[in-house]
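Everything below concerns the one structure shown next.
First the proteins, then the strands, lettered A, B, ... as listed; each starts at 1. Since this is a predicted model, take the numbers as computed values, not measurements.
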Amino acid sequence: MDNFSFAQIFHEIADFLELKQENPFKIRAYRKAAQSIESLSENLEDIYKSGGIKTLEEIPGIGSHIALKIEEQIKTGKVKAYQQLLKEFPKGFLELASVPGMGPKTALLLYKKLKIDSIAKLEQAAKAGKLRRLEGFGAKKEANILKGLELKKKTRGRFLIDQATAHAELIVEKLSKLKEVKKIIACGSLRRGQETIGDIDILVISSQPQKIMGAFVDLDVVRRVLAKGQTKSSVIMKNNMQADLRVVAEKSFGAAVHYFTGCKAHNIHLRQIAQKKGLKVSEYGIFKGGKQVGGRTEEEMFSRFGFDYIPPELREMRGEFEAAAKGKIPKLIELDDIKGDLHMHTTASDGKNTIKEMALAAKKKGYEYILITDHTKSTRVAHGLTEKQMQQHWKDIKKVNQEIEGIEVLAGAEVDILPDGRLDYSDELLKELDLVVIAIHSNFKMAKDKMTKRIIKAFENKYINIFAHPSGRLIGQRSPYDVDMEEILKAAQKNNVAVEVNAHPRRLDLTDIYCKRAKELGVKVIISTDAHSTEELDLMKYGVITARRGWLEKNDMLNTKPLKQLRLFLNRH
DNA sequence: GCCGTTTTCGGCCCGACTGTTTTCAGTCG
């Protein structure tokens, strides 16, 4: 069973306990455990097998009780307490409480009074005007629930990071034109660089919050206003994404930007530390008694408690406080560190631009080198090249390289890993290429051990250099193939294969968690765009932010190095 | 249910907005 499925059980237990109005701290404990499991790079089952209950309890947020439940799941295939909860509540009941505007208490009340136990019944009752007659309800609340239902249907899931970025930039650009806006910044999961974004959080510094609120809810991208208060408003935009705006005074900037960036668990942890020191942290600052003693700058939110500055991408409660206390926060890689892009396509296969166009666009970005990596013959849907075509293509690349000054245009290919682990081209051809990228484009549904062997076999070819989009996932479209990533990374290290962080917002693959694991195992990482057009070369920033979330530094990467060094590392000189 | 440089028991972050209320509960982040 994968970690995500374990986490799901504990998330749901938390949801059920919330319905039962159990001790809120118990509920939080389950959620914390679930999040902790989600951020593990190693498989929970493997951790258990390596040292039993004891090793499970070493995981933060997992204590004796939850460790026993994990063991129970591994040994018996189910958790009794969880099964019990499933029996207690009708199927689909959890979904009720997740309707915007509803919560556990409302859901439970409606179940008791009106026997509502599904979304369909809720909609029926609300439309029939049955809710408004209940105590504590009114016409407005009923209407709000109907709107919540509508919203739930439309906003299926989360948004990709590039879409969210574009919308956040739009709001920031429009509001920053107001003279009352002193500072404006997009915070939340977007600032932390999460792979998908639920809603956009904007923080504004101003002494006239009312004016900002008015301008925000009147923006032409706004479809509906969810809430509008003195200092805080929420809207749904025309693309069905939610945006929240918060206004605070200058003296609270640091505290507010920290609070609004999150994540929640990170915030709670800092507030607990403050509490122990007799201080109080809120979005308004650090307080002693009633007096503000810090929080003007974000740096202060950490330094006041003896921590080094923690970059937003690391604020996920994955050990950042421990590192910050010891002065061990890495100096994270930046976009400017990237010296070349090693995965891109041209009109020769399924790209939109020619070799020359790609090269000129890359040169404009200040890159020292690029690697042209068109598809090989087995990827027929992407017009993969035969050996003969590839040899001609290789000549074309060399020609462009001679024509253009100031950037090295290298000849490569994105070579298919065939189902049996062999490669799509012969060694004779592979060794002619400057660098060889390999990837899987077919037979995604293999069994785990077979898929793992397939990839490791490909790694043993001495002419290959980079393993592209290692998990094969497409966010929101296709799950990763079933593979033992730990073994893959170890094999990559052994065979001197670099792994790719594919920067495309739909891929972001390796994920942050495996970036961190790759670093621990001494595997070199490369960030590439997999661009199919000159515009897509701009996607590099999303790969960089993913690598940052994986705690990676300039020296953990290969395409931050000059070409000579890069080739030396890959034994390709 | 978790956790410990005050603790193995007694704590557990903090504030905004809405709707239905005459002072607050529920939801959200």
Check: Where do A/Ile184 and A/Leu178 land on the side-chain contact (heavy atoms from CB on, under 4.5 Å) test, with the steps shown first?
Finding: CA-CA 11 Å; A/Ile184 180 164; A/Leu178 299 175; over 6 Å; no
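Spacing of C1' atoms, B/dG26 relative to B/dT21, comes out at 12 Å, to the nearest Å. The gap from the C1' atom of B/dT7 to that of B/dG11 amounts to 9 Å, rounded to the nearest Å. Comparing the P positions of B/dC13 and B/dG4 gives an interatomic distance of 15 Å, to the nearest angstrom. When the P atom is compared between B/dC3 and B/dT8, the two are found 16 Å apart, to the nearest whole Å. B/dT6 and B/dC12 are spaced 16 Å apart, taking the C1' atom of each and rounding to whole Å. Taking the C1' atom of each, B/dT23 and B/dG29 are spaced 24 Å apart, rounded to whole Å. Look at the C1' atom in both B/dC9 and B/dC14: the space between them is 25 Å, to the nearest Å. The P atoms of B/dC28 and B/dT20 are separated by 16 Å, rounded to the nearest whole Å.
Atom pair A/Glu18:CD and B/dG1:P shows a separation of 16 Å (rounding to whole Å applied). Atom-to-atom, CZ of A/Arg31 to C1' of B/dC13 comes out at 16 Å; the value is rounded to the nearest Å. If you take CZ of A/Phe321 and C1' of B/dT5, they are 18 Å apart, rounded to a whole angstrom. Going from atom NZ of A/Lys32 over to atom C1' of B/dC3 covers 8 Å, rounded to whole Å. Distance A/Gln35 CD to B/dG29 P: 14 Å, rounded to the nearest Å. One can place CG of A/Asn267 at 14 Å from P of B/dG29, the figure rounded to the nearest angstrom. Following rounding to the nearest Å, A/Lys147 (NZ) and B/dT27 (C1') show an atom-to-atom distance of 17 Å. Rounded to an integer number of Å, the gap from NZ of A/Lys277 to P of B/dT5 is 12 Å.
Residue-level contact check: A/Lys105 touches the backbone only, with heavy atoms under 4.0 Å from sugar-phosphate atoms and none from bases. Base engagement by A/Phe25 is indicated by at least one non-hydrogen atom pair under 4.0 Å involving a base atom. Within 4.0 Å (heavy atoms only), A/Gly262 reaches no atom of the nucleic acid at all. Counting non-hydrogen atoms under 4.0 angstrom, A/Lys69 reaches the backbone sugars and phosphates but no base. A/Pro60 comes within 4.0 angstrom of the backbone, heavy atoms only, and of no base.
Nucleotide B/dT8 forms a pair with no other nucleotide shown, judged by Watson-Crick or G-U wobble geometry with both contacts under 3.5 Å.
Judged as a ring pair (Phe, Tyr, Trp, His ring centres under 6.0 Å), and not counting sequence neighbours, A/Phe305 has no contacts. Taking A/Arg506 as the reference, nothing meets the salt bridge (charged side-chain N to carboxylate O under 4.0 Å, His left out) condition, with sequence neighbours excluded. The salt bridge (charged side-chain N to carboxylate O under 4.0 Å, His left out) check on A/Lys251 picks up nothing, with sequence neighbours excluded. In this structure, A/Lys228 has no side-chain hydrogen bond (donor to acceptor under 3.5 Å, both in side chains) partners at least two apart in sequence or on a different chain. A/His65 pairs by the ring pair (Phe, Tyr, Trp, His ring centres under 6.0 Å) definition with nothing, not counting sequence neighbours.
Checked by atom type, the side-chain pair A/Glu12/A/Gln8 shows a donor-acceptor distance below 3.5 Å.
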Check: What string of B, S and - do you get for nucleotides 14-23 of chain B, 5' to 3', when a contact is any protein heavy atom under 4.0 Å?
Finding: BBSSSSSS--
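At the phosphate of B/dC13, neither OP1 nor OP2 sits under 4.0 Å from any side-chain N or O atom of A/His269. Taking only side-chain nitrogens and oxygens, A/Gln242 comes nearer than 4.0 Å to OP1 or OP2 of B/dG29.
In this structure, the side chain of A/Thr546 engages the main chain of A/Tyr542 through a donor-acceptor pair within 3.5 Å.
Taking the O4'-C1'-N9-C4 or O4'-C1'-N1-C2 dihedral as appropriate, B/dT7 has a value within 90° of 0 and is therefore syn.
Residue A/Lys174 places its NZ atom among more than 12 non-hydrogen atoms of other residues, nucleotides or ligands, all under 6.0 Å distant.
In terms of position on DNA chain B, the residue among A/Phe260 and A/Gly61 whose nearest nucleotide sits closer to the 5' end is A/Gly61. Positionally, the nearest nucleotide of DNA chain B for A/Ile66 lies more toward the 5' end than for the other of A/Ile66 and A/Asp199.
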